[in-house]
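Report on the following structure.
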Amino acid sequence: MPKTQEKARLLETRRVAEDTHRIALYAPRITATARPGQFVMVRITSEGTDPLLNRPFSFHRIHKDDGLFEILFRVVGRGTWLLSQRKEGETLEVIGPLGNFFTLPPAHEETVALVAGGIGIAPMEEWGHRLAQWARGDEARRVYLFYGARTASEVVPTRRLERKGVTTFISTDDGTLGRCGTALDLLDQTCRDLSIRPQRLYSCGPLAMQAAVATWARQQNLPAVMSLESVMACGIGACLGCALPAVPPDDSSRIHYVHVCKEGPVFDSRKILWEKMEPMPVRPLSFVCS
Amino acid sequence: MPKTQEKARLLETRRVAEDTHRIALYAPRITATARPGQFVMVRITSEGTDPLLNRPFSFHRIHKDDGLFEILFRVVGRGTWLLSQRKEGETLEVIGPLGNFFTLPPAHEETVALVAGGIGIAPMEEWGHRLAQWARGDEARRVYLFYGARTASEVVPTRRLERKGVTTFISTDDGTLGRCGTALDLLDQTCRDLSIRPQRLYSCGPLAMQAAVATWARQQNLPAVMSLESVMACGIGACLGCALPAVPPDDSSRIHYVHVCKEGPVFDSRKILWEKMEPMPVRPLSFVCS
Amino acid sequence: MGKDGTHARSAPELRVQLGPLSLKNPVLTASGTFGYGQEFSDFLDLARLGAVVVKGISLEPRPGNPPPRVTETPAGMLNAIGLENVGVERFLAEKLPSLRRRNATVIVNILGNSEQEYAALAERLEDAEGIAALEVNISCPNVKEGGIAFGTDPKTAARVTEAVRQKTHRPLIVKLSPNVTDIGLIARAVEAAGADIISCINTVSGMAVDVFSRRPKLANVLGGLSGPAIKPVALRCVYQVVHAVSCPVIGIGGIQTALDALEFLLVGASAVQVGTANLVRPTAAVEVLDGLERFLRHQGLASVQEYIGTLDTTCRLPQAEEACAGDG
Amino acid sequence: MGKDGTHARSAPELRVQLGPLSLKNPVLTASGTFGYGQEFSDFLDLARLGAVVVKGISLEPRPGNPPPRVTETPAGMLNAIGLENVGVERFLAEKLPSLRRRNATVIVNILGNSEQEYAALAERLEDAEGIAALEVNISCPNVKEGGIAFGTDPKTAARVTEAVRQKTHRPLIVKLSPNVTDIGLIARAVEAAGADIISCINTVSGMAVDVFSRRPKLANVLGGLSGPAIKPVALRCVYQVVHAVSCPVIGIGGIQTALDALEFLLVGASAVQVGTANLVRPTAAVEVLDGLERFLRHQGLASVQEYIGTLDTTCRLPQAEEACAGDG
Ligand SMILES: Cc1cc2nc3c(=O)[nH]c(=O)nc-3n(C[C@H](O)[C@H](O)[C@H](O)COP(=O)(O)OP(=O)(O)OC[C@H]3O[C@@H](n4cnc5c(N)ncnc54)[C@H](O)[C@@H]3O)c2cc1C
Ligand SMILES: Cc1cc2nc3c(=O)[nH]c(=O)nc-3n(C[C@H](O)[C@H](O)[C@H](O)COP(=O)(O)OP(=O)(O)OC[C@H]3O[C@@H](n4cnc5c(N)ncnc54)[C@H](O)[C@@H]3O)c2cc1C
Ligand SMILES: Cc1cc2nc3c(=O)[nH]c(=O)nc-3n(C[C@H](O)[C@H](O)[C@H](O)COP(=O)(O)O)c2cc1C
Ligand SMILES: Cc1cc2nc3c(=O)[nH]c(=O)nc-3n(C[C@H](O)[C@H](O)[C@H](O)COP(=O)(O)O)c2cc1C
Ligand code: FES
Ligand code: FES
């Protein structure tokens, strides 16, 4: 899967929930080898050298036949704000596909759960699709999605996944849609209530949620496959900027880091040192964008 | 005339000659007190801090009744290139009106000549208008325009001025339109050929041309009023960046500078130390813009 | 509940005390980027500002450097104005009265090429009314020592500070250059020599050239870099100075917005100066001030003082020993 | 006549000779921004580059600093990677062979925390095949002297240089830090101590904080500023070093385009390194190379050598005496 730098044409841009946008990019070379869980680096500026760095976004939907993919993003700062201002017909420089990807569950597993918090839903759509295909190969297979958002207006529609056969549960922190609580509450309670026993979790969301899901999975003795974030400069393994604290291969106590863009973004949750992670600061949009 | 910072709406943008654009800006507060010869500072970037500084442009046309003015500019670097990419409906931050302005000839003068080289035509349109009005006040008054460009494709149409009664002569360096030669050749030859005896010159154009016009005016013992350029940061007299070498008020030999944005941009040519001026470097567009 | 989700309160207290200098708010304008104040009176009310720091004044008027004097760089600009100024006499006769009429709090930035010049300036200004403080620009070359800037050596920096200190009872601000190996060292030297307040940074030494004409973009060849580009350098210098001295510090460098100003307050500056931003948006300083107040309300803080110096640098993870700090 | 109005000619000569080091062209990649080369092999042909300077190598592997390690700044970025690297043994076993397979010209950047470590590294690398030169990063803290960086003092800078010089016959490049009062002084010291070539600049010390969480944006608090923002500083340093020494100089700092690279060549650098730009556009270095060739054709120059150091700094106007160069 060679990495490519491609001038992508912005085919469609759509606001799909509060501060959340989906854009379709025509980039046949990148699309040709894209796999769910991988990401692209998107050049934000067209005008000068500020903002300087590209921003990473997961493949949200991959349309191989059309040579295009979609990304779904939340406006959290200047880069994403500027991206939300881009218009159809403009071009964006994109580098990809980058990083590793989700792999199908081993043969003996039948029930898997996707867990998504907030914009963590982004990579789950394409991956949910593939898992739905996987489930169609065997009657006993089940795919669940547990999707938590802060409030109803931020919930990205999941109809497409449901239609494909992914059983979807939704919660919001404030109870304005679905169950009231976090994605983990949702997962935990729903599994109890409906006696669902996932054999594997695929999770994406904010650090605090991911850490909680990791703990839950450990308690349940389940593997949890996580798509993680980190501040990135290059996305191609060159700068070593995207390090996260991890369990060293030799299980010693020495300092060890993994790199989200190279060994990730998809990790086995047991390999990450959750308690050592620095949370991403959250900045009120009213101060950051204009 | 208070200076104002105004969010101007870009009403119309039009390519009027090769690499030359005219844009109309709705900015009623600035327009209200704008006078020919003055200029505005235009904020180029909408995205970040690069390019950082505003760019100066002369009033090309002032439409008091409509609360709008037009600027005419040539693409010579990144800032003007980005400006040429702006679309109707966008807003631009503009500061103005700035600097001093052209004043009408003293009562005893009847024949005046405008001399414009290249994009130096920009301020001459509005000023030509006012002079045409002035000429209408007295039968003996005459206004001529001597306009030199590099080549036919770069000539900005002057019909509007001609219709108002400004007798216009055009030259191009390569002879593709009008007389072959510089604006000064044009001025000199036409005055000889047609026995025109201007009593005053108003001139705007590249430094080399301005210096030549200044010398010619001195030989003819004519006052030459010149709109000059300099690299600017603020345009409001705060940074002292836009200095040009000038004759000191006491006519001594000590070092003296005038500031284009404050004491200018309109100067009496005899006040400028032409031989000490540093020319603005010219950069091939193919390397500078993308 | 307010719009931002916090409780409405009375206006946060913006007053700051910098040693002997009390300012109505911590937003000042930086010397050389705000003229003599009057250039901005069409755009804002000078009386609203914490203070106006005027263009650097010398004993005699100076013509400044030949043009070109300014040029743009990525997210910044270079200047080599050459300290053009009207000289102290015209300043006192024309500029200061105009500032006072507008009720501006005035800080006078002074410069010279010898200790004597600095001292003479301080003396000349001592009796003038309406000057809140002196700010000493020590980035000027010391002609007695081969033109090396006073501010690059702790000894000469201290001597200039002392010379001024002896001639003034006014609050004394010394303004440091970032173009040194150890800014903390210079800071300690000027504090010991009598500075009440330290302001930093002055511009970063830089250069630009035109590849087609093969000429420098500034006639002076070298110039001072300012603007957003230098903000990380300025913040680092302020952080180092705050940890080196006990006197209050004024942060300068690349401040365009309230968030930029807050970064300096967070690392421990008691006030800030807005510089190059004034040249780009003449209303920049009051916009910073308004944004600062809005931020304090949003964060539920009763005063700016509560925010100053509250940076939390504890690290969750052990640092790699012997790492080359900040070098890859 | 060509499209640009100049006569078509044979391809301009790009080869440059830097003392003992001959390079096929003057466009190199900067250490730490190009990984070990292989990360870029999908994007460009490594063999086209003047040289690949690899990520700094130490005797032992290093884990690097805790995250966050990078953050964006206006037209720049800060990094505090903490010199994470695989160590010299894995470099020789895995990385160097991969680079050689791709026919890259390899320059090895080395770092340590004592003269002994630098010397030991040079010794270990001496017999390896396929190394065109060593580049010594002297921005690392000297643990014996309280962690002050070797590169900030002419004496320690010279001692590291000598230590490496004694162990290597290879062309020796010493890479200078801009975080000093007088970079010319350091340059002269390392030249006298045996450096064949000087490269500059390493990153500028800087800092960034988050005003909402009140935390530094880098876990290491301080970081190194790179990218377009620092180009004017880098250019000034190169100018100063070129005038201080007689050995060849490699220019580094904020180079994104061919025009940027040409600015460094114009002030006298014999080659350049593209750094942060690689992170933004992985094809940046070859784009610089292509643009350079296009420029030379456009200007009708037969070789890059004809262009190097041809800056014309004569001034038409008298400088104001005693002006504070570059400070307002
Ligand atoms: C592999 C990967 C895949 C991602 N996929 C998506 C996606 O599909 N949709 C989506 O909306 N977001 C995704 N992100 C996060 C996205 O990259 C950031 O939200 C974006 O870079 C913020 O840019 P900004 O300029 O708007 O914010 P900034 O102004 O740069 O920062 C604003 C906030 O965003 C945080 N932030 C900055 N950089 C990153 C980063 N690289 N990762 C996470 N947070 C960051 C900052 O800490 C800060 O709190 C992904 C991140 C990674 C690493
Ligand atoms: C008072 C005044 C009025 C002006 N009116 C007009 C006008 O009506 N129409 C028009 O097309 N141009 C006008 N100019 C020139 C215009 O401001 C410059 O062409 C513009 O700033 C270049 O910006 P840039 O980013 O495209 O070029 P840059 O990339 O900044 O520079 C490209 C070239 O333009 C030159 N340049 C840079 N700044 C200036 C400057 N302030 N003045 C002159 N040249 C500069 C540079 O030396 C260089 O050769 C005026 C300039 C002044 C001072
Ligand atoms: C992420 C990163 C890592 C770096 N690592 C090293 C290093 O290991 N050794 C070194 O000498 N310089 C290192 N540098 C400095 C660069 O080689 C270069 O000197 C500096 O970034 C300035 O150039 P630029 O502005 O083009 O990036 C690093 C820079 C960056 C941005
Ligand atoms: C055009 C200009 C002129 C300046 N003149 C002076 C001066 O006279 N005295 C002084 O101490 N600093 C002077 N400075 C430095 C500024 O006061 C300030 O320290 C520096 O620009 C950094 O802040 P900024 O990035 O916000 O501009 C000048 C800066 C600029 C841009
Ligand atoms: S972002 Fe550069 S190595 Fe991962
Ligand atoms: S441009 Fe700032 S004083 Fe003229």
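In what follows, every chain begins at residue 1, and chains take the letters A, B, ... in the order their sequences are listed. Note that the structure is predicted; figures quoted are calculated from it, not measured.
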(message) For F150(D), give me all partners under ring-ring contact (aromatic ring centres under 6.0 Å, His included), at least two apart in sequence or on another chain.
(response) Y118(D)

(message) Testing the 3.5 Å rule here: is there a donor-acceptor pair between the side chains of S31(D) and E135(D)?
(response) no

(request) Against chain C, label D182(D) side chain, backbone, both or neither, depending on which of its atoms sit under 4.5 Å from a heavy atom there. (result) neither

(request) Would you tell me whether T276(C) and T33(C) have side-chain atoms, one donor and one acceptor, within less than 3.5 Å of each other? (result) no

(request) Determine the option with the most heavy-atom pairs under 4.5 angstrom with chain C, choosing from G254(D), P232(D), G76(D), G56(D). (result) P232(D)

(request) Counting only heavy atoms closer than 4.5 Å, note whether Q240(D) contacts chain C via side chain, backbone, both or neither. (result) side chain

(request) Pick whichever of T152(C), V267(C), L265(C), L235(C) has the most heavy-atom pairs under 4.5 Å with chain D. (result) L235(C)

(request) With a 4.5 Å cut-off on heavy-atom pairs, point out which of V211(D), T313(D), V180(D) contacts chain C the most. (result) V211(D)

(request) List the steps, then state whether side-chain contact (heavy atoms from CB on, under 4.5 Å) holds for Q273(C) with V53(C). (result) CA-CA 8 Å; Q273(C) 293 179 15; V53(C) 184; 3.8 Å; yes

(request) Identify which of L78(C), L266(C), L262(C), N85(C) forms the greatest number of heavy-atom pairs closer than 4.5 Å to chain D. (result) L266(C)

(request) Looking only at non-hydrogen atoms, find the nearest pair between L222(C) and S205(C) and report the distance. (result) CD1-OG, 4.5 Å

(request) Under 4.5 Å, counting heavy-atom pairs only, tell me which of G227(C), P216(C), A75(C) racks up the most with chain D. (result) P216(C)

(request) Find the distance between CZ (F212(C)) and CD (Q299(D)) and round it off to the nearest 0.5 Å. (result) 6.0 Å

(request) Please flag which part of V238(D) lies under 4.5 Å from any non-hydrogen atom of chain C: side chain, backbone, both or neither. (result) neither

